[in-house]
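This report refers to the structure that appears directly beneath it.
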Amino acid sequence: MRKSLVNICGAVLIIAIYVSHFGTVRYAYEVQSVRLFPSAERAFAYGERYFNAKNETDYNISRAEYFFGKTADIDVTTPYLFHELARIAFLKGDFEVAMALINSQIELMGDSAPNSYYIRALIEGYKGDYAASARDYKYFLQFHPTNWAAVNDYAWVLLKAGNAREASEATARALEWFPTNPWLLNTNATALFEVQDYTGALASAQKASSEVAKISEKDWLRAYPGNDPKTASEGVVAFKQAIQNNVHSITLALHSFEVQ
């Protein structure tokens, strides 16, 4: 049995080395291809593949940024180019660069690419400009009113801005469409806790706890499509722990409130 296990591990190691080598060779080929035969469409396609969190083997933010940069060198008017560059700058924590890029994207495409308002709202939220962020989320939701992630992020900045009541109402509406979504349930619980509706908060938090147990790494990557897939496992664990902590805190608050 021990020998068999070693053989299996060896086979896995060989496969891993082969995949890594193949990826490096392919990247070198793609770099040369774009240099020798410049094509904005091809360079952008390469960048998109390396920026796809659903493909753990290919995901590489540095390679994606390289090919998007080459796209800009060839044709700076390529649709969604600044959008993708802004997303990368945001993930790297370069918020000022990300803001400049996404503003350029919006100037070029405006309402024909409403997802860019979502990205700008996200950047503004992380910069602490919650009022501007809320406006952009609200504007994006005019185009995609049932986008649960946007509603959840909108509620997040409302909470940051001290508008817990509005956050609870926004998440409550979204829960009519997505009643088992643990992100919405957790944010709704937080908002209700802030307005001292501890009974309602506990109900949402407990349901979030039940639903988050079903979340897989694939679900996590669908919720955060630009993030490194290697962090999915840690993200799921942290999310589950955060919800359990909320259940505990809300339970204590409810008991304290009832004793008074």
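Below, all heavy atoms of this structure are taken into account, side chains as well, without hydrogens, waters or symmetry copies. The model shown is predicted, which means the values in this text are computed figures rather than measured ones.
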Worksheet item: Is the Lys NZ or Arg CZ of Arg63 less than 6.0 Å from the centre of Tyr46's six-membered ring, within 45° of the axis?
Response: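 No - Arg63 does not lie over the ring of Tyr46 by the 6.0 Å and 45° rule.
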
Working to the nearest 0.5 Å, report the span between [atom1] of [X] and [atom2] of [Y].
X      : Y      : atom1 : atom2 : answer
Leu91  : Ile61  : CG    : CD1   : 4.5 Å
Met99  : Asp94  : CE    : CG    : 13.0 Å
Lys127 : Phe95  : NZ    : CZ    : 9.5 Å
Ile123 : Ile102 : CD1   : CD1   : 5.5 Å
Leu185 : Asn246 : CG    : CG    : 12.0 Å
Ile243 : His248 : CD1   : NE2   : 16.0 Å

Worksheet entry | hydrophobic_cluster_shared for Phe143 and Leu108, side chain cutoff 4.5 Å |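 Yes, it is one cluster - the side chains of Leu108 and Phe143 are joined through contacts under 4.5 Å.
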
Practice prompt. Identify whether Leu158 and Leu192 are in the same connected component of the hydrophobic contact network (ILVMFWY, side-chain heavy atoms under 4.5 Å).
Written response: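 Each belongs to a different hydrophobic cluster.
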
Worksheet item: Pick from Arg49, Arg42, Arg35: which one makes a side chain to side chain donor-acceptor pair (under 3.5 Å) with Glu30?
Response: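 Among Arg49, Arg42, Arg35, the one meeting side chain to side chain donor-acceptor pair (under 3.5 Å) with Glu30 is Arg49.
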
Worksheet item: Of the options Trp148, Tyr118, Trp183, which is the one that meets Asp153 in a side chain to side chain donor-acceptor pair (under 3.5 Å)?
Response: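 Among Trp148, Tyr118, Trp183, the one that satisfies the side chain to side chain donor-acceptor pair (under 3.5 Å) with Asp153 is Tyr118.
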
So do [Y] and [X] actually touch side chain to side chain, heavy atoms under 4.5 Å?
X      : Y      : value
Pro182 : Ile215 : yes
Pro79  : Met109 : yes
Ile74  : Val34  : yes
Thr78  : Phe68  : no
Phe90  : Arg120 : no
Val237 : Lys240 : no
His144 : Asn115 : yes
Lys92  : Ile88  : yes

Please report whether the ring centroid of [Y] lies less than 6.0 Å from that of [X].
X      : Y      : value
Trp156 : Tyr126 : yes
Tyr59  : Tyr50  : no
Phe193 : Tyr198 : yes

Under 3.5 Å, side chain of [X] to main-chain N/O of [Y], donor-acceptor pair present?
X      : Y      : result
Thr190 : Asn186 : yes
Ser204 : Ala201 : no
Ser133 : Asp129 : no
Asp197 : Gly200 : yes
Gln105 : Phe82  : yes
Thr231 : Asn227 : no

Discussion item. Heavy-atom count check: over 12 atoms from other residues, nucleotides or ligands less than 6.0 Å from Gln244 CD?
Written reply: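 Atom CD in Gln244 is packed in, count exceeds 12.
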
Worksheet item: Near Lys138 NZ, under 6.0 Å, is it more than 12 heavy atoms from other residues, nucleotides or ligands?
Response: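 Incorrect, the count does not exceed 12.
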
Discussion item. Run the side-chain contact (heavy atoms from CB on, under 4.5 Å) test on Val31 and Tyr66 for me, step by step, so that the C-alpha distance in whole Å, both residues' side-chain angles and the decisive distance to 0.1 Å come before the verdict.
Written reply: CA-CA 9 Å; Val31 169; Tyr66 171 81; 3.4 Å; yes

Worksheet entry | Worked check of side-chain contact (heavy atoms from CB on, under 4.5 Å) between Arg26 and Asp58 | CA-CA 10 Å; Arg26 185 176 63 181; Asp58 282 340; 2.3 Å; yes

Closest contact, heavy atoms only, [X] versus [Y]:
X      : Y      : result
Leu221 : Pro229 : CD2-CA, 3.6 Å
Val151 : Pro145 : CG2-O, 4.2 Å
Ala89  : Leu101 : CB-CD1, 4.3 Å
Ser116 : Ile106 : CB-CG1, 3.8 Å
Ala134 : Tyr154 : O-CE1, 3.6 Å
Leu159 : Ala191 : CD2-CA, 3.8 Å

Fill in: Chi angles and distances behind the side-chain contact (heavy atoms from CB on, under 4.5 Å) call for Tyr27, Phe67
CA-CA 10 Å; Tyr27 172 63; Phe67 282 117; 3.6 Å; yes

Worksheet item: Can a donor-acceptor pair be found between the side chains of Gln241 and Asn245 at a distance below 3.5 Å?
Response: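 Their side chains do contain a donor-acceptor pair, which is all the 3.5 Å distance test asks for.
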
Worksheet entry | Under 4.5 Å side-chain linkage, directly or through intermediates, the cluster mates of Leu252 |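 Same cluster as Leu252: nobody, lone residue.
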
Worksheet item: For Leu36, which fellow cluster members are found when Ile, Leu, Val, Met, Phe, Trp and Tyr are connected by side-chain heavy-atom distances below 4.5 angstrom, either directly or through intermediates?
Response: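 Its cluster mates, by chain and number, are Phe37.
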
Worksheet item: Do you know which of Tyr139, Phe140, Tyr137 makes ring pair (Phe, Tyr, Trp, His ring centres under 6.0 Å) with Tyr117?
Response: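 By the ring pair (Phe, Tyr, Trp, His ring centres under 6.0 Å) criterion, Tyr117 pairs with just one of Tyr139, Phe140, Tyr137: Tyr139.
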
Worksheet item: Is the shortest side-chain N to carboxylate O distance from Arg173 to Glu176 below 4.0 Å?
Response: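 Answer for the salt bridge query: no.
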
Worksheet entry | Pairing of Arg87 and Glu84 as salt bridge, 4.0 angstrom limit |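 Yes.
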
Worksheet item: For the residue pair Trp220 and Tyr224, does the interplanar ring angle fall in the parallel (under 30°), tilted (30 to 60°) or perpendicular (over 60°) class?
Response: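 Ring orientation of Trp220 relative to Tyr224: tilted.
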
